[in-house]
Asks: 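What follows is a single structure, and I will ask about it in a moment.
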Amino acid sequence: MVRALSEARRALKAGGRLIDLRPTMRNRRVELDMAGATLFIGEIDSSSTFPDHLAANEALDGALAAGDFKLEHETSFQYLSDLDTLADLRAFQAGLRRSVMPASIFERIEALTADENANWLIRIRREMLIARYQRR
């Protein structure tokens, strides 16, 4: 983030906009959407990424304190990934770099979806932060 802010300071004219889009420090939630109900299954542990988030926040706080940028707007939203099968969930897990998905998530979904006729969907819920800054 420090390098990105330096590049934004260099490239943006006064009044230019910087968009910050990144995950929040909340763990992703795994849910099972079944007919008429959504069940919380567990969380994907992302705590190993928290130092990166804190460093990014510190860099932004420093840029704001120095007067390089002004926060115009900030909000969060949910980013959803819907998966059809446990194989899809295993592929999702294989793509995780530093986050850890507990085996209990797979076990619980397998137990709840043992009825092959049941209609269900695995949902990964991730909270994202988006903010707009103006170059001063």
Side-chain angles (χ1 to χ4, degrees):
M1 179 64 86
V2 173
R3 281 186 241 141
L5 287 172
S6 295
E7 182 62 15
R9 275 192 296 273
R10 185 194 68 74
L12 290 174
K13 296 178 184 177
R17 302 292 194 298
L18 169 70
I19 303 296
D20 177 22
L21 174 65
R22 57 193 159 108
T24 66
M25 288 180 53
R26 292 194 176 154
N27 287 328
R28 282 173 273 205
R29 295 173 50 93
V30 179
E31 302 169 350
L32 190 62
D33 188 13
M34 302 182 85
T38 299
L39 307 174
F40 172 72
I41 301 299
E43 290 188 348
I44 299 171
D45 180 7
S46 298
S47 60
S48 65
T49 66
F50 291 173
D52 296 341
H53 292 280
L54 294 172
N57 291 341
E58 286 178 24
L60 277 167
D61 290 345
L64 292 169
D68 296 332
F69 293 93
K70 174 183 146 190
L71 176 64
E72 290 185 325
H73 182 74
E74 179 180 86
T75 192
S76 62
F77 64 94
Q78 299 291 314
Y79 178 81
L80 305 177
S81 299
D82 289 343
L83 309 171
D84 295 319
T85 65
L86 278 169
D88 292 341
L89 185 60
R90 290 191 200 294
F92 181 90
Q93 179 188 34
L96 296 174
R97 287 188 258 161
R98 294 187 293 168
S99 299
V100 177
M101 187 179 310
S104 61
I105 287 176
F106 291 96
E107 295 163 2
R108 188 152 182 232
I109 291 173
E110 285 172 345
L112 290 166
T113 60
D115 177 8
E116 293 180 17
N117 295 324
N119 189 14
W120 50 271
L121 185 70
I122 301 167
R123 178 164 291 136
I124 310 290
R125 185 179 298 274
R126 183 170 213 174
E127 187 178 75
M128 301 291 292
L129 169 75
I130 187 165
R132 184 180 65 233
Y133 298 89
Q134 183 178 43
R135 173 79 163 95
R136 292 185 148 202

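Only a predicted model underlies this, so the values are computations on that prediction, with no experimental measurement involved.
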Asks: Would you compute the distance between atom CZ of R97 and atom OG of S48 and round it to the nearest 0.5 angstrom?
Replies: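 Nearest 0.5 Å value for the CZ-OG distance: 11.0 Å.
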
Asks: Is it the case that more than 12 heavy atoms not belonging to R3 sit under 6.0 Å from its CZ atom?
Replies: no

Asks: Measuring only between side-chain heavy atoms, which start at C-beta, is R136 closer than 4.5 Å to D68?
Replies: no

Asks: If you measure from CE on M34 to CG on L39, what distance do you get to the nearest 0.5 Å?
Replies: 6.5 Å

Asks: Would R98 and D52 satisfy salt bridge (Lys or Arg N to Asp or Glu O under 4.0 Å), going step by step from the backbone distance to the final call?
Replies: CA-CA 12 Å; R98 294 187 293 168; D52 296 341; 2.3 Å; yes

Asks: Salt bridge between E74 and R132, side-chain N to carboxylate O under 4.0 Å?
Replies: no

Asks: If hydrophobic clusters are built from ILVMFWY residues whose side chains come within less than 4.5 Å, do I130 and M128 share one?
Replies: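 They do share one cluster, since a chain of ILVMFWY contacts under 4.5 Å joins I130 to M128.
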
Asks: Scan the side chains in residues 103-110 for donor-acceptor partners under 3.5 Å anywhere in the protein, sequence neighbours excluded, and list what turns up.
Replies:
residue	atom	partner	partner atom	Å
R108	NH1	F40	O	2.6
E110	OE2	R90	NH2	3.2

Asks: Kindly work out whether a path of hydrophobic side-chain contacts (I/L/V/M/F/W/Y, heavy atoms less than 4.5 Å apart) joins L60 to L54.
Replies: no

Asks: For the side-chain contact (heavy atoms from CB on, under 4.5 Å) test, which of D84, L86, D88 pairs with I122?
Replies: L86

Asks: Evaluate the side-chain proximity of F69 to R135: yes if any heavy-atom separation is below 4.5 Å, no if none is.
Replies: yes

Asks: Applying salt bridge (Lys or Arg N to Asp or Glu O under 4.0 Å) as the test, list every pair that has at least one member in residues 23-33; sequence neighbours left out.
Replies: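 Only R26-E127, R29-E31, E31-R125, D33-R123 qualify under salt bridge (Lys or Arg N to Asp or Glu O under 4.0 Å).
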
Asks: So does L96 get a backbone contact from the side chain of S99, meaning a donor-acceptor N/O pair under 3.5 Å?
Replies: no

Asks: Identify whether L80 and I124 are in the same connected component of the hydrophobic contact network (ILVMFWY, side-chain heavy atoms under 4.5 Å).
Replies: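 Different clusters: L80 never reaches I124 through Ile, Leu, Val, Met, Phe, Trp or Tyr contacts under 4.5 Å.
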
Asks: In Å and rounded to the nearest 0.5 Å, what is the OH to CG distance from Y79 to L21?
Replies: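 These two atoms lie 10.5 Å from each other.
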
Asks: Show the nearest heavy-atom pair for residues S47 and N27, with the distance to one decimal.
Replies: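 Looks like N-OD1, 4.1 Å.
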
Asks: Flag yes if W120 and L112 sit in one hydrophobic cluster, no otherwise; membership is Ile, Leu, Val, Met, Phe, Trp, Tyr, and two members link when side-chain heavy atoms are under 4.5 Å apart.
Replies: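 Same cluster.
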
Asks: Find the distance between CZ (F50) and CE (M25) and round it off to the nearest 0.5 Å.
Replies: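 If we round to the nearest 0.5 Å, F50:CZ and M25:CE are 5.0 Å apart.
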
Asks: With heavy-atom distances below 4.5 Å as the criterion, would you say the side chains of E43 and P102 are in contact?
Replies: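 The answer is no, as the side chains (C-beta and beyond) never meet within the 4.5 Å cut-off.
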
Asks: Under 4.5 Å between any side-chain heavy atoms of Q93 and L89, yes or no?
Replies: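 Side chain of Q93 against side chain of L89, heavy atoms only: no contact under 4.5 Å found.
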
Asks: Do F92 and I44 come close enough that some side-chain heavy atom pair is under 4.5 Å?
Replies: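 Counting from C-beta outward, F92 and I44 do come under 4.5 Å.
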
